[in-house]
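Notes for the one structure printed next.
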2 protein chains.
Amino acid sequence: MTRTDTRERILDEAEQLMGARGYSGFSYQDIARPLGIRNAAIHYHFPTKADLGVAVIQRYRDMLAAAWKDFRAGRTSPRQQFDGYLHIFTHEAVRNQTLCPMGVLTADYFNLPDSMLEAGTTLKREVLEWLAEILASGRDSGDFRFEGNPEDEALMVMATLQGARQMARMIGTDAMMAIVTRLRSDLVADAGDRAA
Amino acid sequence: MTRTDTRERILDEAEQLMGARGYSGFSYQDIARPLGIRNAAIHYHFPTKADLGVAVIQRYRDMLAAAWKDFRAGRTSPRQQFDGYLHIFTHEAVRNQTLCPMGVLTADYFNLPDSMLEAGTTLKREVLEWLAEILASGRDSGDFRFEGNPEDEALMVMATLQGARQMARMIGTDAMMAIVTRLRSDLVADAGDRAA
DNA sequence: GCGTTTACTTACTTATAAGTAAGTCAACAT
DNA sequence: ATGTTGACTTACTTATAAGTAAGTAAACGC
């Protein structure tokens with residue numbers, strides 16, 4: 001009940017709802033009711049639904065940027081950083097089978113207002129750049145093993161993660177985790193079993 | 001203008017629209033207008049939207065079943081069959097950046113009526129069973145190389161394909177094709193470059 | 001030729017969506 | 001104490017959604 005954590009709680013609900021039902025799959029009602037506020041209260045903080053959608057993406061970008069900063073501050077290895085990202089990525093998925101904002105972006109693409117597409121393009125770029133960077137330095141350090149350039153590998157990793165998270169709805173979260181674990185072990189050099 | 005190809009044209013539009021905007025992202029209007037018919041004409045063929053959604057899935061299942069039958073009739077190798085599936089899968093994606101009905105199912109999962117979830121579960125099972133089968137026989141014949149059981153590999157392949165197709169909206173279809181090509185070459189034994 | 005069925009149309013209902021305008025009321029600044 | 005601002009609420013508008021009921025006209029069975 002302090003000052004405006006209302007805004008933050010609106011964003012919490014919106015992120016959950018967007019992750020579960022997509023951008024056009026939730027209404028202001030869906031947010032207002034559980035929070036015990038009125039529709040217009042949301043319009044006060046976010047005049048249009050597009051503003052709300054952009055804010056969700058923005059906050060998610062900030063969260064990731066903070067996590068990446070922590071990773072770097074902790075002088076963690078590329079592999080540990082990658083595992084940290086996997087944890088962030090899979091944790092919510094296991095809890096409630098939602099998509100991350102980036103998954104929503106690609107899934108709901110043709111329903112999104114321009115402002116969200118712009119914010120989403122930035123998010124996509126940041127994620128792929130970070131991933132490519134961690135993959136590149138990880139290959140140099142011997143943490144990772146893969147062929148081709150790190151940018152392509154980053155795309156491959158993202159596609160598999162997003163696909164797995166989405167498929168979790170139909171195959172269950174255990175099967176999703178199996179895919180993620182397999183992806184990781186294909187990438188990690190000392191996986192043990194080795195190849196061909 | 002023959003007798004009821006109207007029904008089929010409704011399904012064509014619905015499949016396109018669902019693939020582009022999801023199940024709850026299109027309306028009867030969106031279908032009726034381009035076909036030059038009225039909303040109620042769609043209700044005549046498909047009383048509820050759920051019926052329409054189920055019919056789209058059903059028709060897609062039939063299409064795949066026919067393709068698989070052709071593959072088998074042609075005595076094509078596991079690799080050729082896999083390539084055939086990749087072609088079906090990627091062709092529409094490149095043309096219009098839609099998702100396949102199975103992608104829609106996972107993306108829009110929590111918006112779907114029960115009848116669609118049931119039809120979707122069957123579709124998912126069929127696709128994964130076919131894939132696992134082709135992967136298994138392909139490994140036996142030397143067409144494919146992978147570790148672990150074929151069922152897990154099938155999940156891995158599906159996740160990557162679905163993720164890539166969805167990401168095509170943001171990264172472009174060329175990048176999507178690069179992912180698919182890479183997935184294929186990781187799977188095909190004589191890929192040349194080899195591993196480890 | 002005539003009744004029934006098929007494939008629609010027109011005209012409607014009901015629900016829910018986003019968004020707006022005007023009002024309220026507590027806290028704070030002066 | 002008083003005016004202003006922040007954080008809402010009540011009450012509304014407009015648009016669009018799915019779905020229904022009743023009518024129509026062509027083709028088909030007989």
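Order of the sequence lines fixes the chain letters, A, B, ..., with proteins taken first and strands second; residue numbering starts at 1 for each chain. Worth knowing before you read on, the calculation uses all heavy atoms, side chains too, and leaves out hydrogens, waters and symmetry mates. Just so it is clear, the model here is predicted, and its values are computed rather than measured.
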For this session: Could you give me the CA-CA distance, side-chain angles and deciding distance for W68(B) and Y85(B), then say whether ring-ring contact (aromatic ring centres under 6.0 Å, His included) is met?
Result: CA-CA 9 Å; W68(B) 294 337; Y85(B) 179 71; 7.0 Å; no
Problem set entry | Ion pair D30(A)/R21(A), N-O distance below 4.0 Å | yes
Exercise. Do R139(A) and E153(A) sit within salt-bridge range, that is, some charged N less than 4.0 Å from a carboxylate O?
Worked result: no
For this session: Taking R165(B) for its side chain and T160(B) for its backbone only, find out whether a donor-acceptor pair lies under 3.5 Å.
Result: no
Length of the [atom1]-[atom2] vector between [X] and [N], whole Å:
| X | N | atom1 | atom2 | result |
| --- | --- | --- | --- | --- |
| R7(B) | dT6(C) | CZ | P | 14 Å |
| I42(A) | dG6(D) | CD1 | P | 20 Å |
| N111(A) | dA18(C) | CG | P | 13 Å |
| D5(B) | dA7(C) | CG | P | 11 Å |
| Y23(B) | dA17(D) | OH | P | 14 Å |
| I37(A) | dC25(C) | CD1 | P | 19 Å |

Is it the case that [X] places NZ or CZ above or below the six-membered ring of [Y], under 6.0 angstrom from the centre and within 45 degrees of the axis?
| X | Y | answer |
| --- | --- | --- |
| R169(B) | F110(A) | no |
| R184(B) | F82(B) | no |
| K49(A) | Y28(A) | no |

Exercise. Under 4.0 Å between a side-chain N or O of R38(B) and OP1 or OP2 of dC8(C)?
Worked result: no
For this session: Using a cut-off of strictly less than 4.0 Å, decide whether S27(B) has a side-chain nitrogen or oxygen near OP1 or OP2 of dA17(D).
Result: yes
Seminar exercise, completed: Taking dA18(C), dC8(D), dC8(C) as options, the one with an atom nearest any side-chain atom of Y44(B) is dC8(C)
Give every pair of a protein N or O atom and an N or O atom of nucleotides 19-22 of chain D that lie under 3.5 Å apart, one pair per line with the distance.
unit_1: dG19(D); atom_1: OP2; unit_2: K49(B); atom_2: N; d: 2.7
unit_1: dG19(D); atom_1: N7; unit_2: H43(B); atom_2: NE2; d: 3.3

Exercise. Rounded to the nearest 0.5 Å, how far does CE of M156(B) lie from CD1 of I179(A)?
Worked result: 7.0 Å
For this session: Would you mind reading off the bend of the helix from dG1(C)-dC30(D) to dT30(C)-dA1(D) from its two end axes, five pairs each, to 10 degrees?
Result: 0°
For this session: Taking salt bridge (charged side-chain N to carboxylate O under 4.0 Å, His left out) as the test, write out the residues that go with R72(A), two or more places apart.
Result: none
